[in-house]
Number of protein chains: 2
Amino acid sequence: MVPTIRDVAQRAGVSISTVSRVLNKSAVVDEAKRERVEEAAEALGYRPNPAALSLLGHSTGGIGVLLPYIAGDFFSEFLHRIDRLTSENGYFLVVSSSHRSVKEFQAVIQGLNRRVDGLIVMSTEVPAQTVCDWLPAGLPIVFVNTEVDRDGIEAVNFDNRGGAYRLTEHLLERGHRRIGFLKGPDASCDANDRLDGYRAALRDHGVEPDPALEVPGDFTMEAGEAAVPAFLALDPRPTAVFAGNDLSAYGVVSALRGAGLDVPADVAVAGFDDIPLSRFSSPTLTTVRAPVREMGEGAIERLLAQIKGGDGRDRRVVTLGTEVVVRESTAS
Amino acid sequence: MVPTIRDVAQRAGVSISTVSRVLNKSAVVDEAKRERVEEAAEALGYRPNPAALSLLGHSTGGIGVLLPYIAGDFFSEFLHRIDRLTSENGYFLVVSSSHRSVKEFQAVIQGLNRRVDGLIVMSTEVPAQTVCDWLPAGLPIVFVNTEVDRDGIEAVNFDNRGGAYRLTEHLLERGHRRIGFLKGPDASCDANDRLDGYRAALRDHGVEPDPALEVPGDFTMEAGEAAVPAFLALDPRPTAVFAGNDLSAYGVVSALRGAGLDVPADVAVAGFDDIPLSRFSSPTLTTVRAPVREMGEGAIERLLAQIKGGDGRDRRVVTLGTEVVVRESTAS
DNA sequence: CTGTTAGCGCCTTCAT
DNA sequence: ATGAAGGCGCTAACAG
């Protein structure tokens, strides 16, 4: 069996309280006994039972991370950043990223409740306020890339709208006036913010947004391929397509080529996310880059601050900037 | 405060034992009381404290996953597969993927000990036996892509050596005789198995491996770029380079181009992993595909079987096959 | 300074 | 069928 504090006490010939005091340095203990206890603990390989600690209301040592299912590098990079800072601070990560419904999402988040000291939540479909209502007040939470509809909530977001706005401006500068937009999932706030930015840029440059140019999609490559016939059927045909994310942009590129059109000569294509592929594909893809690393680090830093109870924290939404990356797929 | 079993008992006008019996269906309880208890629990939103359960020696509900730092899709796809099956079975995932040293790796793995019911460990540098020695016997573990040096250990590996062997054969068939090999980290068993496969294929086809053709690397793109001068300095210069993984293969491609050489016309390049980029890059990359999905699902299934105590389990290493994917970068 | 004791929330005998 | 009591491992008062 795993040794308990009692085993250590027995081996050192002291009471369990003395052991506790030594190991937690919570009081002064006779030098000789201290050494005996330390030796005994070392010899037995004693480690306090985390369940007992957390039952006493102490820290669980866990940090929960809830993400939607995200493929690839955003996921791994984000988690990696969090992981580093988390383990450096003696915490471990409890991760969940597969929720097929809001119901399931809620169940997972509530199941995590007393298992972690704090939560980092990326919720693209459920607003922050709702998530908070599922949990006891006082549980530290930092949201990431989530719609925040109330004050007093901490979040690290990035500027979807601004990125889409500037990417659209880039297309306008290149002379495009008929710019198709491939939408993301209806419920996704990322998708909606990007659409907003696209529309706003058009308006601000004197181009009235045309609903016919906005084709439904869901961020998958298949949706990108499926959307191309709709774009090509328009009259006049769009000279550029702004896809809601890189993955679906590749679907668009692939289907356009299938239709005998060249990218960017016949139709320019742009995406959003700057996945690694975008730098290497042929053509390389014009897109918008999100500050993944800063988001991960920012979120965990603010969460740890909340947990450590520094009450001078700023309960607010931080929005990090995004950067337009111009590449071949929108070359004039 | 979060409601305890006592709150439920009080609200239902029964003792806590009765509540426990109802909620766990551990004994027959009077119909009327049962309903009252269920109502009370529902109304209060009662959920047993996981710490208390685990203190009683019951399940913690956690499954630990230890991975080395892996960029991109292998990581996210693997974790995603595990996550799905894990949460479907009512467990949650405790993840750690950043260990800069064996010491730290050991600390993390030991820290996870009583927090989880079982462990999935991918250890590319420390053999399975050593990891087992750090933990109490009896804790369910399944290794993934890890060197196993003793019987009685469960693991899901994939055939690094065979994949490298067959990819080398492919290059030989294309007529290459001077094939450079860009190595991975010395301590990585993946890297070593791939090197083994490369050498074996050469020998089996009557080509004596030349140590000068084996250039050090560490699986990063930078290492790939840095290695190119060494390859080009050889006389005769290699006509093909087999990089230990895709990422470093791209470094090689990039630096070869920088040196004015064409891939594959002047030098063929191949990698290992089949990252998503490989299908889209220019040129598309010849590589070896690992069965990520099967590994994730296989590992978690076998771990759950261990946890559920089915003792008819087969304690052995399962090695999944790999597949050579021929693309443009090695076209004749 | 140090040992004893009372819980933390829950399940599980043990009586009733 | 049900309530009372013991104890999982540990810390934090409380007595010495």
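Side-chain atoms are counted along with the backbone in the values below, which use heavy atoms only and exclude waters and symmetry mates. These numbers come from a predicted model, not from an experiment. Per chain, numbering begins at 1; letters A, B, ... match sequence-line order.
In this structure, OH of A:Y46 is placed 3 Å from P of D:dC10, rounded to the nearest angstrom. When rounded to the nearest whole Å, the span between CZ of B:R34 and P of D:dA1 equals 13 Å. Per the geometry, CZ belonging to A:R114 stands 14 Å off P belonging to C:dC8, to the nearest Å. Atom CG in A:D7 sits about 13 Å away from atom C1' in D:dC10, given to the nearest Å. For the pair B:R6 CZ and C:dG9 C1', the computed distance is 7 Å after rounding to whole Å.
Which of C:dC8, D:dA12, C:dC11 sits closest to the side chain of A:H58 comes down to D:dA12. Among the nucleotides C:dT12, C:dG9, C:dC10, the one closest to any side-chain atom of A:L55 is C:dG9.
Toward the 5′ end of DNA chain C lies the nearest nucleotide of A:L56, the other residue of the pair B:S20 and A:L56 mapping further downstream.
Judged purely by distance below 3.5 Å, without hydrogens or angles, the side chains of A:T124 and A:D190 never pair a donor atom with an acceptor atom. For the 3.5 Å distance criterion, the side chains of A:N157 and A:T319 fail to qualify, holding no donor opposite an acceptor.
Between A:N49 and D:dC8 there is no side-chain N or O to OP1 or OP2 distance below 4.0 Å.
The side-chain heavy atoms of B:F143 and B:I141, taken from C-beta on, include a pair separated by under 4.5 Å. Contact annotation: the side chain of B:I153 approaches that of B:Q129 to within less than 4.5 Å [non-hydrogen atoms, C-beta and beyond]. Counting heavy atoms from C-beta outward, B:R115 and B:V94 have side chains that stay 4.5 Å or more apart.
A:R36 has no carboxylate O lying under 4.0 Å from a charged side-chain N of A:E39, or vice versa, which leaves the two without a salt bridge.
Taking the six-membered ring where tryptophan is involved, the planes of A:W134 and A:F105 are perpendicular, since the angle between them exceeds 60° and thus also 30°.
Rounded to 10°, the helix from C:dC1-D:dG16 to C:dT16-D:dA1 has 60° between the axis fitted to its first five pairs and the one fitted to its last five.
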- Query: Would A:T130 and A:V102 count as a side-chain contact (heavy atoms from CB on, under 4.5 Å) if you check the C-alpha gap in whole Å, the side-chain angles of each, and the deciding distance to 0.1 Å?
  - Reply: CA-CA 11 Å; A:T130 309; A:V102 171; over 6 Å; no

- Task: Decide yes or no on side-chain contact (heavy atoms from CB on, under 4.5 Å) for B:I63 and B:N89, but give the supporting numbers first.
- Result: CA-CA 11 Å; B:I63 294 209; B:N89 283 273; over 6 Å; no

Report all interatomic pairs (protein N or O, nucleotide N or O of nucleotides 1-5 of chain C) with separations under 3.5 Å.
unit_1 : atom_1 : unit_2 : atom_2 : d
C:dT2  : OP1    : A:K33  : NZ     : 3.3
C:dT2  : OP2    : A:D30  : N      : 2.7
C:dG3  : OP2    : A:S15  : N      : 3.1
C:dG3  : OP2    : A:S15  : OG     : 3.0
C:dG3  : OP2    : A:T18  : OG1    : 2.7
C:dG3  : N7     : A:R21  : NH2    : 2.7
C:dG3  : O6     : A:R21  : NH1    : 3.3
C:dT4  : O4     : A:S17  : OG     : 2.9

